[in-house]
Amino acid sequence: MNRVELSGVLIERKALRYTPAGVPVVECVIGHQSEQIEAGSPRRVECEIPAIALGDTARWIQDAAPGMSVRLGGFLAARSKNSKQPRLHVTTIEFEEGNQNG
């Protein structure tokens, strides 16, 4: 299974672009902070996750302002054939105000 749910803040968003087939695409970075339990002890977790969204989800992210709180759902995939670094492919997004896609 490859399913990710993540809450955080929209740190950075690139300009909306389109694939050759006309599908909207936007890349962004999500900042996450939380406290998790690991080996029975609390651990502070902070990270920045690169993400990409296509279609209607890309339009929702494009309309979001950096600094907005979001809850994302999606899956991990390699950034490209040449880079095996993971990137979150966003399939659902929910904004703090309650607007939701997916």
Side-chain angles (χ1 to χ4, degrees):
M1 175 180 279
N2 182 352
R3 177 78 185 140
V4 175
E5 292 184 10
L6 182 72
S7 62
V9 173
L10 181 63
I11 294 175
E12 177 183 317
R13 169 182 41 76
K14 293 187 178 177
L16 185 70
R17 60 183 174 84
Y18 292 87
T19 67
V23 178
V25 179
V26 71
E27 295 179 60
C28 61
V29 176
I30 305 300
H32 170 81
Q33 295 181 0
S34 66
E35 188 172 284
Q36 302 296 319
I37 302 298
E38 184 175 41
S41 298
R43 177 181 176 189
R44 179 100 175 127
V45 176
E46 295 183 34
C47 59
E48 293 183 3
I49 306 294
I52 189 168
L54 286 85
D56 290 337
T57 307
R59 289 189 178 104
W60 280 84
I61 291 176
Q62 184 61 34
D63 289 341
M68 289 187 76
S69 295
V70 294
R71 180 177 301 249
L72 306 172
F75 60 92
L76 295 176
R79 190 169 190 81
S80 68
K81 289 181 182 180
N82 297 328
S83 173
K84 298 303 178 195
Q85 293 295 317
R87 176 167 58 177
L88 175 62
H89 285 245
V90 179
T91 56
T92 62
I93 183 168
E94 183 177 331
F95 295 98
E96 189 174 66
E97 295 86 12
N99 298 332
Q100 184 175 348
N101 171 349

Nonpolar side-chain network containing V9, other nodes, edges under 4.5 Å = none
task = Show which residues join V23 in its hydrophobic cluster (side-chain heavy-atom contacts under 4.5 Å, direct or indirect), or state none.
result = V25, I52, L54
inquiry  = Going by side-chain contact (heavy atoms from CB on, under 4.5 Å), name the residues that satisfy it together with I11, two or more places apart in sequence or in a different chain.
reply    = V29, E48
message = Test of understanding: with side-chain contact (heavy atoms from CB on, under 4.5 Å), list the residues that count as partners of P20, not counting sequence neighbours.
response = none
Partner residues of [X] under the side-chain hydrogen bond (donor to acceptor under 3.5 Å, both in side chains) criterion, sequence neighbours left out:
{"X": "S7", "result": "none"}
{"X": "R59", "result": "D56"}
{"X": "E27", "result": "R17, R87"}

According to salt bridge (Lys or Arg N to Asp or Glu O under 4.0 Å), who are the partners of [X], at least two apart in sequence or on a separate chain?
{"X": "R13", "value": "none"}
{"X": "E38", "value": "R43"}
{"X": "R44", "value": "E46"}

In a table with atom names and distances, give each donor-acceptor pair under 3.5 Å that connects a side chain of residues 75-85 to protein atoms at least two apart or in another chain.
{"residue": "S80", "atom": "OG", "partner": "N82", "partner atom": "N", "Å": "3.2"}
{"residue": "S80", "atom": "OG", "partner": "S83", "partner atom": "N", "Å": "3.1"}
{"residue": "S83", "atom": "OG", "partner": "Q85", "partner atom": "N", "Å": "3.4"}

What closest approach, in Å, do [X] and [Y] show between heavy atoms, and which atom pair accounts for it?
{"X": "A65", "Y": "L10", "result": "O-CD2, 3.8 Å"}
{"X": "A53", "Y": "A58", "result": "O-CB, 3.3 Å"}
{"X": "P42", "Y": "E35", "result": "CB-OE2, 3.5 Å"}
{"X": "P24", "Y": "L16", "result": "CB-CD1, 3.9 Å"}

request  = Mind jotting down which residue pairs meet the ring pair (Phe, Tyr, Trp, His ring centres under 6.0 Å) criterion with at least one end in residues 29-50? Sequence neighbours excluded, please.
outcome  = none
message = Using 0.5 Å steps for rounding, measure from the NE2 atom of H89 to the CG atom of N2.
response = 9.5 Å
query = Taking atom CG of L72 and atom CD of E5, what is their separation to the nearest 0.5 Å?
reply = 10.0 Å
query = Going by atom types only, do T92 and E94 share a side-chain donor-acceptor pair under 3.5 Å?
reply = no
task = Determine whether I30 and L88 make a side-chain contact, defined as any pair of heavy atoms from C-beta on separated by less than 4.5 Å.
result = no
task = Evaluate the side-chain proximity of R3 to T91: yes if any heavy-atom separation is below 4.5 Å, no if none is.
result = yes
